[in-house]
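Following this message is one structure expressed as structure tokens.
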Amino acid sequence: MKLGVFGGTFNPIHYGHLRAAEEAREALSLDRVLFVPAGNPPLKSGDIADSGKRYRMVEMAISGNPFFEVLDIECSREGKSFTVDTLEELQGRHPGSELYFILGTDAFLDIPNWWMPERLVALTHFVLLARPGTKFSDLPSSPYLADGRAMIDGIDGVSGHAEVLLTSGKKAVFLPVTPLAVSSTEIRRRLRTGLSVKYLLPEQVESFIISNKLYRSDE
Ligand code: ATP
């Protein structure tokens with residue numbers, strides 16, 4: 001079985017996330033995409049909704065898609081949770097399955113700064129999303145690309161997705177997704193200033209935000 005794993009803060013989830021996950025599922029023929037909302041940060045910041053509420057918003061947003069599932073692995077844990085632990089737990093739950101960790105290219109380049117990066121890259125394939133305004137060929141190299149820079153030059157011209165080999169023997173799939181320049185940051189900014197967020201995220205999620213009075217101020 002091929003399992004997509006889509007981690008994120010989802011503060012809140014929006015159509016950019018949903019469309020990217022759907023395109024990854026289709027392009028890679030994933031059997032399922034597992035959304036894993038991050039837990040609460042150790043130091044509570046006013047701008048981040050409680051993990052239970054972020055989980056609930058993901059649950060509502062994906063309810064119509066039989067291939068999507070939300071997991072509370074990270075948000076039910078107290079304190080900081082590490083991606084490597086989440087992936088190991090998923091590997092244990094689904095022995096024999098191949099994991100495809102879906103993330104933006106910016107996040108992929110940051111992996112050397114994550115907890116136990118070498119162990120993490122050995123556990124999973126990667127699906128790298130080009131967010132609007134990002135070109136793969138503009139990316140600095142990553143220490144995990146088996147042939148370094150040379151491999152990602154020319155990828156932008158390729159139609160559809162392109163695969164490169166990682167030093168771990170796993171692969172990274174560069175996936176150009178429909179550019180939806182929606183971000184959670186912009187949604188929160190609009191809510192703070194009383195502007196509409198209609199059509200940027202599912203209606204149910206919008207209603208939940210309004211009835212729970214989320215993202216109203218930085219307090
Ligand atoms: P924000 O939307 O505020 O920028 P973020 O991207 O910093 O949020 P998350 O909510 O954790 O943080 O996003 C989860 C993943 O989804 C990240 O890997 C991010 O790169 C990707 N992502 C977010 N928005 C989009 C989008 N509009 N198109 C494609 N990928 C996206």
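One-based numbering, in listed order, for ligands and for the atoms of each. No experiment lies behind these values; they were computed from the predicted model shown.
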Would you call K2-E98 a salt bridge at under 4.0 Å N-O?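 A salt bridge is absent here (no side-chain N lies under 4.0 Å from a carboxylate O).
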
I want to know if ligand 1 touches A107 in the polar sense, i.e. an N/O pair below 3.5 angstrom.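 A107 vs ligand 1: no N/O contact under 3.5 Å.
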
Show the atoms of ligand 1 that are less than 4.0 angstrom away from any heavy atom in G8. 11 (O), 14 (C)

Got a donor-acceptor contact below 3.5 angstrom from the N11 side chain to the A49 backbone?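 Yes, because the side chain of N11 sits within donor-acceptor range (under 3.5 Å) of the backbone of A49.
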
Heavy-atom contacts under 4.0 Å between R19 and ligand 1: side chain, backbone, both, or neither? neither

Numbering the atoms of ligand 1 from 1, which are under 4.0 Å from a heavy atom of L103?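 So the answer, numbered in order with elements, is 18 (O).
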
Atom of V127, atom of A24 and distance for their closest heavy-atom approach: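 Answer, listing the atom of V127 first, then A24: CG1-CB, 4.2 Å.
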
Determine, using ring centers only, whether Y100 and F126 are less than 6.0 Å apart. no

NZ or CZ of R25 within 45° of F67 ring axis and under 6.0 Å: yes

Please indicate whether any nitrogen or oxygen in S183 is less than 3.5 Å from any nitrogen or oxygen in ligand 1. no

Any chance you could measure D31, atom CG, to S97, atom OG, to the nearest 0.5 Å? 8.0 Å

Does the N or O separation between L180 and ligand 1 drop below 3.5 Å for any pair?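 Min N/O separation from ligand 1 is below 3.5 Å for L180.
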
For ligand 1, which is the ligand I care about here, please tell me if F10 has any N or O atom under 3.5 Å from one of the ligand's N or O atoms.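 Yes, at least one N or O pair falls under 3.5 Å.
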
Please check if atom NZ in K171 has more than 12 non-hydrogen atoms from other residues, nucleotides or ligands closer than 6.0 Å.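 Enclosed.
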
Looking at K198 and E203, is there a salt bridge between them, counting it only when a charged N and a carboxylate O are closer than 4.0 Å? no

Only heavy atoms of F6, strictly under 4.0 Å: list the atoms of ligand 1 that pass.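 Once the distances to F6 are compared, the set is 15 (C), 16 (O).
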
T9 and ligand 1 - part of the residue with a heavy-atom distance under 4.0 Å: both

Are G7 and ligand 1 in contact, using a heavy-atom cut-off of under 4.0 Å? yes

Taking both backbone and side-chain atoms of H14, is any N or O found less than 3.5 Å from an N or O belonging to ligand 1? yes

Tell me whether R54 is salt-bridged to E59, with the criterion being a basic N under 4.0 Å from an acidic carboxylate O. no

Would you kindly specify which portion of T185 sits under 4.0 Å from ligand 1, judged on non-hydrogen atoms: side chain, backbone, both or neither? both

Heavy-atom contact under 4.0 Å between Y15 and ligand 1? no

Contact check, side chains of E163 and H125, non-hydrogen atoms, under 4.5 Å: no

Of all the atoms in ligand 1, which lie at a distance below 4.0 Å from a heavy atom belonging to L129? 30 (N)

Considering the heavy atoms of G104, write down every atom of ligand 1 situated less than 4.0 Å from one of them.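 Close to G104: 18 (O), 20 (O).
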
